[in-house]
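Reading through the C-alpha cells given below for one structure.
Note that these values count all heavy atoms, side chains included, but never hydrogens, waters or copies made by symmetry. Order of the sequence lines fixes the chain letters, A, B, ..., with proteins taken first and strands second; residue numbering starts at 1 for each chain.
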Number of protein chains: 2
Amino acid sequence: MNKPATIKDIAKQLNISISTVSRAMRNAPDVNADTKRAVMALSEELNYQPNKLALSLKQKQTHNIGVIVPNLDYVLSTMVKGIDEVALEAGYTVMVCQSNESFGREIVNTRRLLDSLVDGFIISVSSETKVFDHFKKIQEKNMPMVVFDRVTPFLQAPGVKIDNEDGGFQATEHLIEQGYKRIAILAGPKNLGISNQRLDGYLKALKKYKIKPDSDLIIYCDFNQDYAYVATKELLAMKKRPDAIFTISDRMAIGAMLAIKEKGLRMPQDIGLVGFNNEPVTSLVTPTISSVDQPAFELGKVAAKLFIEAMHHDEDMNHIEEVLKPKLIIRESSQRIAPKNGRTK
Amino acid sequence: MNKPATIKDIAKQLNISISTVSRAMRNAPDVNADTKRAVMALSEELNYQPNKLALSLKQKQTHNIGVIVPNLDYVLSTMVKGIDEVALEAGYTVMVCQSNESFGREIVNTRRLLDSLVDGFIISVSSETKVFDHFKKIQEKNMPMVVFDRVTPFLQAPGVKIDNEDGGFQATEHLIEQGYKRIAILAGPKNLGISNQRLDGYLKALKKYKIKPDSDLIIYCDFNQDYAYVATKELLAMKKRPDAIFTISDRMAIGAMLAIKEKGLRMPQDIGLVGFNNEPVTSLVTPTISSVDQPAFELGKVAAKLFIEAMHHDEDMNHIEEVLKPKLIIRESSQRIAPKNGRTK
DNA sequence: AGCGTTGCCGGTAACGTTCTCGGAAGCTTA
DNA sequence: TAAGCTTCCGAGAACGTTACCGGCAACGCT
C-alpha cells in the first residue's frame, strides 16, 4: 500500500471502467446507486485521495491564489487572515509569499507562482517597486489580479484600499483642534501611494484651517522605526521645532516617540503625536499613542471577494476600487483638551 | 497569443519533435547547438513558461512545502521568514497556512495541502491539538515532515525547538538573584509542550535555590493577553501575593503588566516581571520588560534545512531533534539590583 | 413490431511534460 | 566498403484525471 491509490486501481478492483469511477466520484447523475456505493466504499478503504495536480492540469485551474505581500506585520497578517477566510470558504487555497519590501524578491515570487501554480493573484506591492512589468505579465496571461492596501495608479486592476487621504485628514484635523500649530508629518517613501495619500489628507486639513504648509515639516523617510527616530531628532533640533507630529505608520510613531522622550519633551503637553494603523502596541506604550485604525481584516475579506468575482465573471473589473473608511482612535499622545464626551481608550 | 505557449507550439513552429524541444529546454547534451539556440530564441519570443503542473504530475513531486502554523505573530512570522529563506534557495516554494490555533482548521489545512500539492510539511502544532492522526497520515504517505518550535513527543518526527526549559530556568534564576521571593508563573495551556518545558525550567530553578514551589503560584491559562490580565489580577488579590511573575509569552507579560499597573504596583520595586519571546514591544513599554529571546529566524532556517535533508536522503531522521539556546534579555521590569556590568537594553 | 427514451456504462482523446527506446544519418576505422 | 561509433532526433508511452461520444440493454408507447 505504498503508492497512493488512483482511480485506476479502484476501477480494476471493481471491474468497471475508470470513466464510471470518475463519474461516481463526482456524484454524477448517470451512474447506478449501487455502483456509486461500491466505489465510495472501496475508495474509503484504499484511502483514495484525488490527485489535484492531474485535475488542475486537465481543467487548467489550480484553485490556488497567490498572495504577495511586502511583509507580515500586524496589519498585513491581519489582512491575509481575512483573505484566507473567504478564500477557504470559496474552495481556494492561498499561497503567501513575502517580498520583504524588495523589488527583486517580488519578481522572483511572481515568477515562481506564475509557473502555473495559481489561478491569479492578490497583491500588495513592495515599497521599493517603481516598475510593474512583472505584474503586467500576470494580466497579459489574463489571470485575475487584485491589489489591496497599497494600490497604485500604475497598475490597472481592481483593488481595495482604505481612504488614506481621509485618515490623514482626520489625524491632522484632530491635532489642529487640539491647538497644535506647527504640525509635522513623517511621510513614507515618495513613490508609495498610501504615503502620498495620507500626506494629501494632511495638506487638505491644513488648508481647511488656513495653515500654510511648511516644507521643512514634511519629511519623507523610509517606512521604519529607526529612520523615523532619526528624522524626529532632526525635527526637534530645528530652531522653530514642530509642536505635533503625524506619522503615517505606528512603527514610525514609535520611533518618533523614542526621539521625543529622549529629548525630554512631554506628550501631549509639549508635543502631540498621532500614528497610523492602530497596532496593539499603541495602547501599550506610555503615553498611549493616538492612531488611525484601519479595518484590516475586513479589507482582506473584500480583496478575496473581489478576486473570486473577477475569477468567475470575466467582465472588465479594472475600474473597481473599493474604499474602506479608517477611523481615528484618540489616545493620550495627542489629547490635551478634555474631550467633550470622553472618547479615550 | 491568448493561450500560453507550450512545448508543442515551439515544436510545430520549428518543425522538430517535442522531445527535442524538451531536451533543448533542459539543456541536455544530445542536442545540436543550433537547434538549442533556435528553441531558446523562439521560447523567449513566445514567452514560454514550462507548466509546473505537468512536470509535477510526471515526476510526482511539486517542490512545494506545506507550512502550517497556529498564527503569524511576531515570532512565528520570523520563523516562517527563515523557512522561506532556505526553501527558496533550495528551489522550493512554501505554502503557509494558519490554523488559528484551531484543531479543526489544522485538519482542514492538512487535508488541503495533502491533496498532492506539497512534497512534505513543516509544522508547528496548534495549542488546541491533542490528537495527531491528521499528521500521522502524512507520515503514512511517507512524506517528509518536520516539526518546529512546538514539538511534541506524540509526533515521531525530526524537529527543531529552543531549549524552553533553559529559558524558563534563566528567567526564574534571574528573578531569584534579584531577590524576589514569591515567584509566580503564568504558564500556557496544560497540553502544550513548550508551556510545560518552561514550567519545568521554573521548577528547576526554584529547586536549585531550595525554594518550595507553591501550587497557588502556578497558573495555567490561555496563551493570550486578556487571560493573563485576569489571572494576574487574581494573583495580586491573594493574601500573600507574589512579588514576581514569569510569563511564558510576551503577550501574557503585557496582560500582566496592565494588571500590575492598574493595581498601582511599581516594577521592578514592588514586583518583578519577565516574559518570553523578546518581542519588540517589550522594549517599548514602560517599564521595559525583561524577556527571553529566542533565535526565531535561525530556528526557521534549521527547520527548512532539516526538511531538505529529509527530502533528499531517506534515512530515518525521526530521532533528530535540534535544540537552539534562548537568551534572557534583562530590562527594567525585573532589575532592582544594579548590574555588575551594565547589561540593560 | 417498430420506434424513441431512458439509464447506465466503456473507450478514447486530451491536458503538458519527461523518459526510454530505437534509428537515421555522417564519420571513422580496418 | 562494410562495420562500428557518434551525434542527433522522433515516436510513443506514461503521469491521473475529465469530457466527449457512442453503445447497449430495457422499457414504454403507438
Side-chain angles (χ1 to χ4, degrees), chain A residues 1-40 42-43 46-64 91 114-119 141 143, chain B residues 1-40 42-43 46-64 91 114-119 141 143:
Chain A
M1 207 64 53
N2 214 336
K3 297 269 167 263
T6 77
I7 220 175
K8 248 184 215 168
D9 302 327
I10 299 183
K12 203 167 292 176
Q13 287 198 38
L14 254 42
N15 256 324
I16 57 181
S17 81
I18 53 172
S19 330
T20 306
V21 178
S22 171
R23 270 186 297 249
M25 280 309 186
R26 281 168 294 136
N27 203 13
D30 57 344
V31 46
N32 186 290
D34 288 339
T35 323
K36 214 175 274 185
R37 260 191 296 278
V39 168
M40 287 313 184
L42 186 57
S43 79
L46 294 185
N47 194 17
Y48 168 76
Q49 300 279 16
N51 187 321
K52 245 198 125 184
L53 247 41
L55 207 166
S56 298
L57 178 61
K58 190 84 185 35
Q59 35 209 32
K60 294 169 178 309
Q61 51 174 318
T62 62
H63 285 267
N64 293 340
L114 212 46
D115 288 346
S116 29
L117 283 179
V118 299
D119 291 342
K141 297 205 167 196
M143 284 185 175
Chain B
M1 207 65 51
N2 213 335
K3 296 270 166 263
T6 77
I7 220 174
K8 246 184 216 167
D9 302 326
I10 299 182
K12 203 166 291 175
Q13 288 199 38
L14 252 41
N15 254 323
I16 58 181
S17 80
I18 52 174
S19 333
T20 305
V21 179
S22 170
R23 272 187 295 249
M25 281 307 186
R26 281 169 294 136
N27 203 12
D30 56 343
V31 47
N32 186 290
D34 289 339
T35 321
K36 213 176 275 187
R37 259 192 298 277
V39 168
M40 287 313 184
L42 187 56
S43 79
L46 295 184
N47 194 16
Y48 167 75
Q49 300 279 19
N51 187 319
K52 246 198 125 186
L53 247 41
L55 207 164
S56 299
L57 178 62
K58 190 87 192 19
Q59 34 210 32
K60 294 170 179 307
Q61 51 174 319
T62 62
H63 284 268
N64 292 341
L114 212 46
D115 288 346
S116 30
L117 282 179
V118 299
D119 291 342
K141 297 204 168 199
M143 283 186 175

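Atom NZ in A/Lys12 sits about 14 Å away from atom P in C/dG10, given to the nearest Å. A straight line from NZ of B/Lys60 to P of C/dT18 spans 16 Å, rounded to a whole angstrom. Remark: C1' of D/dA26 and CG of A/Asn32 are 14 Å apart, rounded to the nearest angstrom. A/Arg37 places its CZ atom 12 Å from the P atom of C/dC8, with the value rounded to the nearest Å. Whole-Å rounding puts the A/Leu117 CG to C/dG16 P distance at 15 Å. Taking atom CG of B/Leu55 as the reference point, atom C1' of C/dC15 lies 14 Å away to the nearest angstrom. Rounded to an integer number of Å, the gap from CE of A/Met25 to C1' of D/dT17 is 11 Å. Between B/Leu57 atom CG and D/dA13 atom P the separation is 17 Å, expressed in whole Å.
Counting any heavy atom pair closer than 4.0 Å across all strands shown, A/Asp30 reaches a base atom. Nucleic acid contact class of A/Thr6 (heavy atoms, under 4.0 Å, all strands): sugar-phosphate only. Residue A/Ser56 is out of contact with every strand shown, counting any heavy-atom pair closer than 4.0 Å. Using a 4.0 Å heavy-atom cutoff across all strands shown, B/Arg23 reaches at least one base atom of the nucleic acid. Using a 4.0 Å heavy-atom criterion, one finds that B/Ile16 contacts the sugar-phosphate atoms exclusively. Using a 4.0 Å heavy-atom cutoff across all strands shown, B/Gln49 reaches sugar-phosphate atoms only and no base atom.
Distances shorter than 4.0 Å separate none of the side-chain N or O atoms of B/Ser19 from OP1 or OP2 on D/dG10. For the pair A/Asn51 and D/dT17, the criterion of a side-chain N or O lying under 4.0 Å from OP1 or OP2 is not met. For the OP1/OP2 pair of C/dC9 and a distance below 4.0 Å, the side-chain nitrogens and oxygens of A/Thr20 include no atom meeting the criterion. Close to D/dA19, at under 4.0 Å from its OP1 or OP2, lies no side-chain N or O of A/Ser22.
When each of A/Arg26 and B/Asn15 is assigned the nucleotide of DNA chain D with its nearest heavy atom, B/Asn15 is the one assigned upstream, toward the 5' end. Where A/Val21 and B/Lys58 each meet DNA chain D at their nearest nucleotide, the meeting point lying more 5' is that of B/Lys58.
In this structure a side-chain-to-backbone donor-acceptor pair under 3.5 Å is present from B/Ser56 to B/Lys52. Using a distance-only test at 3.5 Å, with no hydrogens or angles considered, a donor-acceptor pair links the side chain of A/Lys36 to the main chain of A/Ala28.
A/Leu117 places a side-chain heavy atom less than 4.5 Å from the side chain of B/Asn64. Contact check for A/Ile10 versus A/Met25: side-chain heavy atoms found under the 4.5 Å cut-off.
With respect to A/Asp9 and A/Lys12, no salt bridge is recorded, no charged nitrogen being found less than 4.0 Å from a carboxylate O.
When each of D/dA19, C/dG10, C/dC15 is scored by its nearest atom to the side-chain atoms of B/Lys8, the top-ranked nucleotide is C/dC15.
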Evaluate A/Asp119 against A/Met143 for side chain to side chain contact (heavy atoms under 4.5 Å, CB included), listing each step before the verdict.
CA-CA 6 Å; A/Asp119 291 342; A/Met143 284 185 175; over 6 Å; no
